Structure formats: structure tokens, C-alpha cells
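The next block holds one structure in the form of C-alpha cells; read it before the comments.
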Amino acid sequence: QVQVVESGGGLVQTGDSLRLSCAGSGRTFNTYFVGWFRQAPGKEREFVAVINWNGGSTTYKTSVKGRFTISRDNAKNTVYLQMSSLKPEDTAVYYCAAGKAVVGGERRYDFWGQGTQVTVSS
């Protein structure tokens, strides 16, 4: 069993930077891929970025490429999302999730956090 807890959200201005953290529990956390998702008010949850178990592979949503960086420190059981050049449209609740299986070409996330609010003012 794995638990993940997000932190680091807050209120920032357009163009600012923010780093989110996803702390995982359990000895096997470093064997999971971990993704970041976000959900804005009135919108569906969307994928933001994912990192594989050892940090050797990452994938990003097109609109955040070049602005967001996902990384992990397995010694600390933590995955980070460094966000820069933030825009009002990045405002959302950000969630991290961990998983192991890929089903039909899609990653399956089994463990989700409660989310952290990011608000970008214009």
C-alpha cells in the first residue's frame, strides 16, 4: 500500500514560480511511476506530467512543456513539480498519483492524494 500527500500550493502572480511536492509512504514508493494531474473549477481533471520509477523518463502535457519540470528523489520518497512562468490558466487543484500497471497503453494510477490548490492571479 502506498499513500501520497501533496504540498506546496499557494497563491502566486502571473510569471511566478512554485514547486509542488508529492511525498510517498511505503518502502516500494520508488518502484512506482508518479503523475501530476490538475482540475480547474468546472473542468475535468487533466494530466500534467508523469515520471517513471527511476526518473529516467518523463512526459508532459503540451501546454506545460518548457515551463514545468517533474523530478523525483527516491532517497526522500518525493516527487516534485517545478512550475515556472505560471499563468492564470494554470489555476487548479493539483493532484499526484502513483501506479505500476500499464493497461492498453494507458498508465493506471492506483493511489491518489487529496490535492493542493494553486492559484495564479493576473
Side-chain angles (χ1 to χ4, degrees):
Q1 189 77 4
V2 168
Q3 290 184 321
V4 292
V5 178
E6 306 93 338
S7 63
L11 172 63
V12 297
Q13 294 185 334
T14 298
D16 283 351
S17 297
L18 202 60
R19 188 178 77 163
L20 305 183
S21 298
C22 172
S25 65
R27 292 181 300 168
T28 62
F29 179 72
N30 60 9
T31 66
Y32 285 72
F33 54 77
V34 175
W36 284 97
F37 295 78
R38 66 188 183 187
Q39 187 167 20
K43 295 188 177 181
E44 293 189 353
R45 186 173 61 195
E46 64 178 7
F47 165 80
V48 175
V50 63
I51 189 166
N52 75 331
W53 70 276
N54 66 356
S57 175
T58 58
T59 303
Y60 295 91
K61 175 181 173 62
T62 299
S63 64
V64 307
K65 282 182 182 177
R67 299 190 299 122
F68 291 10
T69 302
I70 189 171
S71 62
R72 69 190 300 162
D73 183 342
N74 281 342
K76 297 182 178 180
N77 270 9
T78 302
V79 173
Y80 304 99
L81 184 68
Q82 178 68 49
M83 306 184 293
S84 61
S85 301
L86 282 163
K87 306 175 182 179
E89 50 263 44
D90 295 317
T91 295
V93 177
Y94 283 71
Y95 300 89
C96 71
K100 278 193 172 183
V102 177
V103 180
E106 297 288 331
R107 294 181 182 87
R108 189 182 73 190
Y109 295 88
D110 297 312
F111 306 103
W112 291 80
Q114 294 300 306
T116 186
Q117 176 71 47
V118 172
T119 303
V120 185
S121 64
S122 57

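This one's a predicted model, so the numbers in the text were calculated from it and none came from an experiment.
Tyr80 forms part of no hydrophobic cluster, judged by ILVMFWY side-chain heavy-atom separations under 4.5 Å.
Results of the side chain to side chain contact (heavy atoms under 4.5 Å, CB included) test with Glu6 over Tyr95, Tyr94, Trp112 single out Tyr95 as the only residue that passes. When Leu20, Leu11, Asp90, Thr91 are each tested for a side chain to side chain contact (heavy atoms under 4.5 Å, CB included) with Val118, only one passes: Leu20.
The six-membered or imidazole ring of Phe68 lies away from that of Trp36, with a centre-to-centre distance of 6.0 Å or more.
When every heavy atom of Gly8 is checked against every heavy atom of Leu18, the shortest pair comes out as O-CG, 3.5 Å. The two residues Val34 and Cys96 have their closest heavy-atom pair at CG1-CB, 4.4 Å. The minimum heavy-atom distance linking Gln117 with Ala92 is given by the pair NE2-O, 3.4 Å.
Within a 6.0 Å sphere centred on CD of Gln13, heavy atoms belonging to other residues, nucleotides or ligands number 12 at most. When the shell of 6.0 Å around CD of Glu89 is examined, it contains more than 12 heavy atoms from other residues, nucleotides or ligands.
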Output a table of donor-acceptor pairs, distance under 3.5 Å, between side-chain atoms of residues 49-58 and any protein atom two or more places apart or on a different chain; print 'none' if there are none.
residue	atom	partner	partner atom	Å
Asn52	OD1	Gly55	N	3.0
Asn52	OD1	Gly56	N	2.8
Asn52	OD1	Ser57	N	2.9
Asn52	ND2	Asn54	OD1	2.9
Asn54	OD1	Gly56	N	2.9

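For Arg72 and Phe29, the positive end sits near the middle of the six-membered ring, less than 6.0 Å away and at most 45° from its axis.
By the 4.5 Å heavy-atom criterion applied to side chains, Val48 and Met83 are not counted as neighbours. Looking at Val2 and Lys100, their side chains never come closer than 4.5 Å, going by heavy atoms from C-beta outward. Looking at heavy atoms from C-beta onward, Pro88 lies in side-chain contact with Thr14 at the 4.5 angstrom threshold.
With values rounded to the nearest 0.5 angstrom, Tyr60 atom OH is found 7.5 Å from Leu81 atom CG. Rounded to the nearest 0.5 Å, atoms CZ (Arg27) and CG (Asn77) are 11.5 Å apart. To the nearest 0.5 angstrom, Arg45 atom CZ is 13.5 Å from Arg38 atom CZ. Atom CZ in Arg67 sits 4.5 Å away from atom NZ in Lys87 (nearest 0.5 Å).
Evaluation of the salt bridge (charged side-chain N to carboxylate O under 4.0 Å, His left out) rule for Arg108 yields Asp110 as partners, not counting sequence neighbours.
In the hydrophobic clustering of this structure, Val64 groups with Val12; members are Ile, Leu, Val, Met, Phe, Trp, Tyr whose side-chain heavy atoms approach within less than 4.5 Å, directly or through other members. Tracing side-chain contacts under 4.5 Å through hydrophobic residues (I, L, V, M, F, W, Y), one reaches Val93 starting from Tyr109; they form part of the same cluster. Hydrophobic clustering (side-chain heavy atoms under 4.5 Å, transitive across Ile, Leu, Val, Met, Phe, Trp, Tyr) keeps Phe47 apart from Val103.
Ring orientation note: the planes of Tyr32 and Phe111 are nearly perpendicular, at an angle over 60° on the 30°/60° scale.
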